[in-house]
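This one's a predicted model, so the numbers in the text were calculated from it and none came from an experiment. Nothing fancy with the numbering, it's 1 onward along the sequence. Only heavy atoms go into these numbers, but all of them, side chains included; no hydrogens, no water, no symmetry mates.
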Amino acid sequence: MKLKFAASAVLLATAFSCSAPEDYAGYVDTKIGSGGHGHVFVGASVPFGLVQLGPTSIPQQWDWCSGYHDSDSTVIGFSHTHLEGTGIGDLFDITVMPVTGSVEYSREGLWSYADRSREVAEPDYYSVPLLRYDILAEMTATSRVGFHRYTFPASDSTAIVFDLENGGCWDKATDTRIEAEGNDALKGWRFSRGWARNQKVFFYAKFSKPFESVENIGQYARVNFDLAEGEKIMLKVAISPVDIDGAKANMAAELPGWDFEKTREAARNAWNRELSKIRIETGDVDQRTIFYTALYHTMIQPSEFCDVNGDYRGADGDIHRNNDFKTYTTFSLWDTYRAAMPLMTVIHPEKIRDIARTMVKIHEEQGKLPVWHLWGNETDCMVGNPGVIALADILVKDFEGFDKELAYNALRESEMRPDRGQDIRMECGFIPADRDFNESVAYDMEYAIADGAMAAAARRLGKEEDYAYFNERSHSYRNYFDPETLFIRGRNSDGTFVEPFNPYSSNHRADVYCEGNAWQYTWLVPQDFDGLVTLYGSKEKLAERLDSLFAAKNEIEGAEASPDISGLIGQYAHGNEPSHHIIYFYTMAGQPWKAADKIDEVLRTLYFHDPNGLSGNEDVGQMSAWYILSSLGMYQVEPAGARFWFGKPSFAGAEVQVPGGSLKIRAEGLSGETRYIQSVTLNGKNHPYPYIEFNDIVKGGELVFRMGTEKTLWY
């Protein structure tokens, strides 16, 4: 069945705009994940907006990748771009700091402590007092404009400083400009090199009151005001990846006036429209907070990456114009192809056409689909070919509104590029460890997953010859399976396994795996579960081996062990993405009660209402997307498989808005003890399958799980 997703999505959005939504944003605690290694953004934004306006702290360390950490209350200013939960730091562009008195113009010279006891952190609004200056900072946002409001104390020297020097962690400014326009505006740009090797941000800033003077101090500008005690200054800062005129046009279109409260209300309404796409039934306040915070985390990025007129900066560095779709950026695809992107296909179908067309454009501009794309730059971060998986998934699910042959050609050309180890793989059939190629096993296994997705797309489009080729290539992981140890191991060109071997060992980004060890990578075969069963001999033997993963000691060995291997249950590492599908192998192996037990344990112990409430990097929504899908009772295991396998629902009732209306999910008899599925019905009929097809989800209807205490095989 083909659904016309674009038209259905418009009708759905129209229907939902007719009534005032419940305040779902009020359930969100943006501080969840701001401690530990969650790396989440804290500040004001709108769903999928270009602007993420919030505080940036002094430390330039791993746990400050988003600019904020619960352990530290320093603030160097409020930046207009931030990343959401990544493992590398960048952005923090166009930083603004209100000050009184004389200051030193450097990262350490401008800083103040923030009074966290009076901090207000909500999806649409952020506020905190700056103790050094006795200034109350408030902010909200539109998609492309940050809106500030500062309340100043009595002082004979009040100013707002623009900082174009300081970016995020590994980011350094390469070219900056600030100049005044009249007596109430600034304009300029910040070009930088970091994770994004050639990032360009242009800005236009407008003040609610004329300034007295502007002092340019290198990469800083001090904008001086004559203010009375308690007087408020408002500031609008529009950004653009294209040019200053684009930033001006963005401000004129999105925020022409000065009504701070109305802007905040509009941002709140935008969040409520998106968050209301899934409604849950629960009397547990913490559970509700965790759920809607997780849903919020999946909607901060990818970010819109074009001006209001459609102009954007391409991966080729040139300016392009789209008149009929929005381009996006911040594609953390090695993470998000697993759950966050599949979740988008369910609850944000109106965005999928634009996501697909963006990816195809990136292919046209740089010669391959995105790997990890950031502000028009290919970072080539992480292993494999994850953009292939995400785009193939969209093709297999029959979305409309883009050229499918063009998309397929982008998939095929990306899969056949002889670089990043694919050349070695096509020559040898796998990537040997002795070919001086780091993370050989991880690259090969992720390529094999992409091959599986490519094969699924080829079959959907009737390209049987390509299907046969890529399906066979998706089995390359089998070269690494050691029948003696039952682990996936590094292998040399002559067929010998790499020695010495310790399945608990990790050497971060410097061994045959990537942010993992043999225990985790042995299960990285979502594209070929049946083949994995064959290697173990039977589903029963595979399940026994899976038991050993969770029963193993929860220690990672090695002086340079990867910090990303976190959230351990035995050697299952929920804090990093390669493990995210593994629990659902129990359902696929015919032992769904074990999946229910482990999913329940993860949901209860590795997601909680606290700054440390995530077990690893949020990774642009992936960690939270696992929670959302799993708590609804399902997860898409296979790449481009269009099937969501059942696990264990967490709520007695949930309603998911889909193109066909809504999918109502009920878990009859659910409790702490009755957590095992006894039977399933779909639209009143017995559903004797351990999964639900994507097309059945988006048609809407009623999915009912009958829960009980019996560990049974209902399918």
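At a threshold of 4.5 Å between non-hydrogen side-chain atoms, the residues Leu83 and Leu374 count as touching. Residues Phe202 and Trp189 have side chains in contact (heavy-atom distance under 4.5 Å, counting atoms from C-beta outward). Side-chain atoms of Arg144 and Ser240, non-hydrogen and from C-beta on, never get closer than 4.5 Å to each other.
Side-chain contact check for Glu304 and Ser143: at least one donor-acceptor pair (N or O, by modelled atom type) lies under 3.5 Å. In this structure, a donor-acceptor pair under 3.5 Å is absent between the side chains of Gln520 and Asn576. Between Asn385 and Gln422, the side chains place no donor N or O within less than 3.5 Å of an acceptor N or O (distance only, hydrogens not considered).
Relative to the ring axis of Phe402, Arg357 does not place its NZ or CZ within 45° and under 6.0 Å from the centre.
A distance below 6.0 Å separates the ring centres of Tyr691 and Trp645.
A salt bridge links Asp444 and Arg425; the closest N-O separation between the charged side-chain nitrogens and carboxylate oxygens is under 4.0 Å. Ion pair Arg509/Asp564 not flagged as a salt bridge, since none of the NZ, NE, NH1 or NH2 atoms sits closer than 4.0 Å to an Asp/Glu carboxylate oxygen.
Listed by first and then second residue, the salt bridge (Lys or Arg N to Asp or Glu O under 4.0 Å) pairs involving residues 467-478 are Glu415-Arg473, Asp451-Arg473, Arg478-Asp528 (not counting sequence neighbours).
Applying the side-chain contact (heavy atoms from CB on, under 4.5 Å) test to Leu682 and every residue at least two apart in sequence or in another chain returns His687, Ile692, Asp696, Leu703.
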